[in-house]
Amino acid sequence: IPAPYAMPVASVGRSPSSTGLRSYIWLVSAQSFPVEYDHTAKAGHQGDLAKPALVANLVTALSMPGQRFVYAESHTGRSRYELAPSGAWRRGVGRLFGVAEVGSYLHDPELHNERVSEIISFLDRYRAKPPSAVGGVYLGSSMLTREILRSQDVDYQLQLSETNPAVIDELRNAYSDDPCVTVNLGDGYRFVRELAESTLVLIDPPAIDVSALDLMASLAREGRHFL
């Protein structure tokens, strides 16, 4: 995990409720960021490799045929990012797709092995056109989630919140033809807390603060899945 991020903190415990195992993982940032933070310049960098792989695997594991899947985000970011020929992504996702085993997987799905099995759902989204030396497109977590749920023919609802008006415009344009997606401009913590239901909640603010920790504690007490 690159600076300014601390080591990931992970805790897995058995919930006292009927939900069984409850897990929660978060990255603690050492920097402060403006309210109108835009992740474009850092999209696909080293720190972006862990999150989408975790999201993809959790969405795949928690989705069940015939059951509604409600995915929520407190700080969504853009639906997709255009990668310039040079940028932070070349030290992150660019290096991932340069690994021989990953390249072989992308061209031949029968070559699954243990080294890539844990990020298969993530890699699947890029099989047709992975980021390359000339750039490409990197999916945001909300679009990655929708692509996976659609591929599994799951009844889904995306509840997305964001504070940056420019990012909100991009999200609304990206999902304008999808009635299953709600986009909210404002306090993402309150938005998530007030949801009647959720299958998985992603809490990914530019910097962790007391409000984020309070929300995590609240979701944990309710036995709800979050990352």
Side-chain angles (χ1 to χ4, degrees), residues 1 7-27 44 47-77 79-80 92-93 96-97 99 101-102 105-106 109-128 130 138-161 178 180-182 188 192 195-204 212 215-227:
I1 304 297
M7 290 300 291
V9 179
S11 177
V12 180
R14 184 168 294 279
S15 168
S17 69
S18 61
T19 56
L21 288 178
R22 180 183 71 238
S23 62
Y24 37 98
I25 302 172
W26 65 89
L27 302 180
D48 266 357
L49 297 183
K51 182 187 73 174
L54 284 168
V55 169
N57 283 328
L58 285 172
V59 169
T60 302
L62 293 173
S63 58
M64 301 288 290
Q67 293 186 12
R68 194 164 112 107
F69 193 107
V70 180
Y71 173 81
E73 285 202 45
S74 64
H75 298 74
T76 306
S79 66
R80 55 171 61 86
V93 69
L96 171 67
F97 287 104
V99 175
E101 289 88 350
V102 175
Y105 167 79
L106 291 170
E110 293 183 0
L111 296 179
H112 294 178
N113 58 61
E114 292 182 1
R115 297 190 65 177
V116 298
S117 63
E118 294 184 356
I119 53 174
I120 283 176
S121 293
F122 170 45
L123 296 176
D124 271 341
R125 304 307 107 193
Y126 296 95
R127 181 183 298 163
Y138 185 79
L139 299 184
S141 48
S142 64
M143 185 64 73
L144 176 66
T145 295
R146 190 181 74 160
E147 291 292 304
I148 293 172
L149 293 174
R150 278 185 165 182
S151 70
Q152 297 178 339
D153 198 24
V154 172
D155 179 21
Y156 66 88
Q157 182 73 43
L158 268 57
Q159 300 282 354
L160 312 176
S161 190
D178 191 341
C180 297
V181 180
T182 298
V192 168
L195 291 176
E197 63 173 318
S198 64
T199 310
L200 178 64
V201 177
L202 176 61
I203 306 168
D204 187 29
L215 176 58
M216 293 175 189
S218 176
L219 294 175
R221 285 192 298 269
E222 297 171 11
R224 294 166 68 180
H225 296 286
F226 67 92
L227 171 66

With side chain to side chain contact (heavy atoms under 4.5 Å, CB included) as the test, would you mind laying out the steps for C180 and R146 before giving the verdict? CA-CA 10 Å; C180 297; R146 190 181 74 160; over 6 Å; no
Going by side-chain contact (heavy atoms from CB on, under 4.5 Å), name the residues that satisfy it together with Q67, two or more places apart in sequence or in a different chain. M64
Qualifying residues under side-chain contact (heavy atoms from CB on, under 4.5 Å), relative to S141, sequence neighbours excluded: K51, Y71, E73, L202
Go through the steps to decide whether F97 and L123 satisfy the test side chain to side chain contact (heavy atoms under 4.5 Å, CB included), and finish with yes or no. CA-CA 9 Å; F97 287 104; L123 296 176; 3.7 Å; yes
Separation of [Y] [atom2] from [X] [atom1] (nearest 0.5 Å):
{"X": "E147", "Y": "S142", "atom1": "CD", "atom2": "OG", "answer": "10.0 Å"}
{"X": "D48", "Y": "L139", "atom1": "CG", "atom2": "CG", "answer": "11.5 Å"}
{"X": "T60", "Y": "I148", "atom1": "OG1", "atom2": "CD1", "answer": "4.5 Å"}

Pairwise side-chain contact, [X] with [Y], heavy-atom cut-off 4.5 Å (strictly under):
{"X": "L200", "Y": "F69", "result": "yes"}
{"X": "L195", "Y": "R224", "result": "yes"}
{"X": "I203", "Y": "V192", "result": "no"}

Verdict with reasoning, E197 to R68, per side chain to side chain contact (heavy atoms under 4.5 Å, CB included): CA-CA 10 Å; E197 63 173 318; R68 194 164 112 107; 2.8 Å; yes
Shortest non-hydrogen contact between [X] and [Y], atoms and distance:
{"X": "M143", "Y": "S79", "value": "CB-O, 3.1 Å"}
{"X": "H225", "Y": "T199", "value": "CB-O, 3.3 Å"}
{"X": "G188", "Y": "S161", "value": "CA-OG, 3.3 Å"}

So, the side chain of Y126 versus the backbone of Y138: is there a donor-acceptor pair under 3.5 Å, distance only? no
